Each structure stands twice: as C-alpha cells, then as structure tokens.
Amino acid sequence: MTILVCLDRDGTINKDENYFLGSTEDWKSKVKFLPGVVKGIKLLNQISDLEVFIITNQAGVALENDEFKALTEQRYQEVNEYIIQELAKKQAIIRGFFGCPYVDLKYAEKSRQRGRTIDSKYLIDNHPDWKPNPGMVEKAAKSLGKNLRECRVYFIGDRLTDVKTGLNAGGTGILVSRFKTRELGDEEKVQKLKLQYPNRVYIAKNFLEAVRIIKKDLESEPPCVKSTWNL
Ligand SMILES: [Mg+2]
C-alpha cells in the first residue's frame, strides 16, 4: 500500500509570522525551515513506498488589496517550487505540491472584518480542495496513479483543519502544536477530536515527533479506512 504523507506548509515546514509568503519581493529571505523538518523529511524518505507532498491553502492569492497584489497563483507556485528545491539541496525530498487559492465564505467574512477584500473569482464556498476538504490529498494520490483507498494517508499540520483533512481523506491527522496553535484554541479542539478518533488523531510537540508517530503507526495494522468527508 502506498503511504502518502501530506505536509501543511506555513507553520509546519517553514516559519509563519503571517507573512503571506510571496506577497513581498524579499520573500526568499523569509523562507526559514522549522526545527526538525529537514531531518524528519529525510527519515520519511527512507521508508519504502512512501511519498511526501505539500498541501497548502493559499488564501493570500484571493486577497485583492494592494499589499497582496504580488501574491498571484504563479507566485505561490514559485514559492512552493523554491521550498521544494531548498529542501532537496539538503537531501529532503518532496514529491510535489498542491495549493488551493479558493477561499470559503467564512474566510471571506473574517477577511472583510480585517479590512481585506476577496477577488470574487477565488470565492468558491466549500471548494473540494479547500482544507479540511480532502481534494488536494486525492490529487496527490492521483498523481501517483492511485485513489485514496489504495493509500495510507497521514497529514501533518499546525492547524485543526490539517488534522481534519487527514481524517476526511480516510487517514490520520497529526497536529504539530506551537504557540499560535494553542493561542487559536486549535490544540484543545484536536484533543476533543482525538477522543472521537483515538487511533487516527495525534498531537506532536514538533515535526520530528510527528514523524516518529508515523513510523510507529506504520508498524501496526492499517485502521479500517472510512471516508469522513463532512468534518
Ligand atoms: Mg499552517
């Protein structure tokens, strides 16, 4: 069975200080990998039949205020390619990336409250790719000639939506908790989710611990895979 490890980008692979990476011309200097990420991806690369992907919501593309003008679909792809290249230079191999610039109504409303406006062409409520929907994970599987039922899916991320995406793809979600995660109350919500799905939800202190959880979990039988699309 193919093992698909999906990684959120901002706050999971690289530092996220609400940069909207790619919105400024000095974006390359803001790409800073978080501790344990390079080592963790290298450990994943040693496991056979395992592929690593970046799966990222890119709401910044949808924002049309002047400060986000440079963050186009082309730019976010450039940012993702750069991150993958920089990791590859350190022998940490990512197979590919998928990004979703289509925001939902909830995000649009939150943005409006912050004085930000959304380009209407990117406002598609409940787009299948918008995390926590599993559309991008499906695309990653498809890029390997597989469907989700033929894959064992893990999703590592710093937000509740990342964990839910893993579950919605019929797999396992691992929260990498950090200050912002706790501040937003996501860790508490993931704790509750863990009670419902004890063998499919984990909370890790950092990226390396998340990788260790995957390695240990792979030693056990795969759980009965059910799609729970509506989380
Ligand atoms: Mg994140």
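Keep in mind the model is a prediction, meaning the values are calculated, not measured. In listed order, ligands and their atoms are each counted from 1.
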Open item on the list: Tell me whether Asp162 is salt-bridged to Arg159, with the criterion being a basic N under 4.0 Å from an acidic carboxylate O.
Closed with: no
Open item on the list: Can you see whether Gln58 engages Thr56 through a side-chain donor-acceptor pair at a distance of less than 3.5 angstrom?
Closed with: yes
Open item on the list: Applying salt bridge (charged side-chain N to carboxylate O under 4.0 Å, His left out), can you list everything that pairs with Asp10, at least two apart in sequence or on another chain?
Closed with: none
TODO: Pull up every protein N/O/S atom sitting under 2.8 Å from the Mg ion (ligand 1), skipping waters.
DONE: Asp8 OD2, Asp10 O, Asp158 OD1
Task: Any side-chain donor near an acceptor of the partner, Asn57 and Tyr107, under 3.5 Å - done: no
Task: Any side-chain donor near an acceptor of the partner, Gln113 and Glu109, under 3.5 Å - done: yes
Task: Ion pair check, Lys194 and Glu187, cut-off under 4.0 Å - done: no
